[in-house]
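Basis for what follows: all heavy atoms, side chains included, without hydrogens, waters or symmetry-related copies. Please read these numbers as outputs of a predicted model, since none were measured by experiment. Every chain is numbered from 1, with letters handed out A, B, ... down the list of sequences.
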Amino acid sequence: MSDRGSRDPRRLDFYDRSVHVVARELVGCRLRHGSAAGRIVETESYHEEEPACHAYIGLTARTQVLFGPPGHAYVYRSYGIHALFNVVVEGEGVGAAVLIRALEPVEGVELMEARRGRRARKDLCSGPGKLTQALGIGLESNGSPLLAGAIAIEPPRRDERSVELVAGRRIGITKAAELPWRFCDAASACVSRPWPAAMQGHSPALSGHRAA
DNA sequence: CATGGGATTGACT
DNA sequence: GTCAATCCCATGC
């Protein structure tokens, strides 16, 4: 794999790089489905060589998309209830993906509230199951191309502040839980709980924009 | 074909 | 802090 690809998530070579590089660079980008969009503030990387990754077991019906070409959505059902959205990365034949774990709502907040129920804005997308519900992403989006489909990833806007990136251990897993493959914007109040140790002592703001 | 285990969330004690 | 909801898929008989 090469790490010299594009930093523009609207280009295919952005995704054809190390899963950890892509996971870090996705923080600050914007995930969109129709008129609803949010700023990515938390990701985790998963790779076939490590047992927490679904691709660890090899090529099956479930993991087919993970081993497919980069730049596509991998969506699966978690705990029978929630849809979790991932970005397939690295070359075809390599099973690796970035789990999108939290967003700051930036567009279509009313639509997100309609889907999620009225609650604090910072809690609309502060978890991997919450953000798919808020954006209306379901299992039918599994395999959807991110460069030519309903779901798109856009680069950070120039008027947004830069990301304050911190890494921590992945959460919600029992295998390979010690790997520091969770990446968060420490300045965001929308990161899911528990916050990484590096965020203790922070007082994150809600908005990803610079103060007016 | 039956079974068991989740990359979670929200409600409740 | 505890716990149930709920379903897809991998595994084993």
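If you find the closest nucleotide of DNA chain C to Ile81(A) and to Leu139(A), the one lying nearer the 5' end belongs to Ile81(A). The 5' end of DNA chain B is approached more closely, in terms of each residue's nearest nucleotide, by Ala97(A) than by the other of Ala97(A) and Lys130(A).
Hydrophobic cluster membership of Tyr76(A), counting Ile, Leu, Val, Met, Phe, Trp and Tyr whose side-chain heavy atoms lie under 4.5 Å apart directly or via other members: Tyr46(A), Val65(A), Leu66(A), Tyr74(A), Leu84(A), Val88(A), Leu99(A), Ile173(A).
As judged by a 4.0 angstrom heavy-atom cut-off over every strand, Arg193(A) is placed among residues making no nucleic acid contact.
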A correct dot-bracket answer for DNA chain C, with pairs being Watson-Crick or G-U at under 3.5 Å, [ ] for crossing pairs and | for inter-strand pairs, is |||||.||||||.

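By the 4.0 Å N-to-carboxylate-O rule, Glu160(A) lies close enough to Arg30(A) to be salt-bridged with it. Between Glu154(A) and Arg157(A) there is a salt bridge, since a side-chain N of the basic residue sits under 4.0 Å from a carboxylate O of the acidic one. Ion pairing between a basic and an acidic side chain is recognised when a charged N comes within 4.0 Å of a carboxylate O; Arg39(A) and Glu107(A) show no such pairing. A salt bridge does not link Asp13(A) with Arg11(A): none of the charged nitrogens is closer than 4.0 Å to a carboxylate oxygen. Salt-bridge formation is not detected for the pair Glu178(A)/Arg169(A): no Lys NZ or Arg NE/NH1/NH2 atom is positioned less than 4.0 Å from an Asp or Glu carboxylate oxygen. Of the charged side-chain nitrogens involved, none lies within less than 4.0 Å of a carboxylate oxygen, so that Arg17(A) and Glu90(A) do not count as a salt-bridged pair. The pair Glu44(A)-Arg170(A) does not meet the salt-bridge criterion, since no charged nitrogen lies less than 4.0 angstrom from a carboxylate oxygen.
A donor-acceptor pair shorter than 3.5 Å cannot be found between the side chains of Ser126(A) and Lys122(A). Side chain to side chain, Gln133(A) and Arg115(A) fail the donor-acceptor criterion of an N or O pair below 3.5 Å.
No more than 12 heavy atoms of other residues, nucleotides or ligands sit less than 6.0 Å from atom CD of Glu110(A).
A heavy atom closer than 4.0 Å to some atom of DNA chain C occurs in Ile57(A), Thr60(A), Arg62(A), Arg77(A), these being the qualifying members of residues 55-78 of chain A. Residues of residues 165-191 of chain A that place a heavy atom closer than 4.0 Å to DNA chain C do not occur.
Remark: Ile153(A) CD1 to Ile100(A) CD1 distance equals 5.5 Å, nearest 0.5 Å.
Residue pairs meeting the ring pair (Phe, Tyr, Trp, His ring centres under 6.0 Å) criterion with at least one partner in residues 151-194 of chain A, sequence neighbours excluded, are His20(A)-Trp181(A).
If you walk DNA chain B from 5' to 3' and mark each nucleotide with an atom closer than 4.0 Å to a heavy atom of chain A, the marks span dG6(B) to dG10(B).
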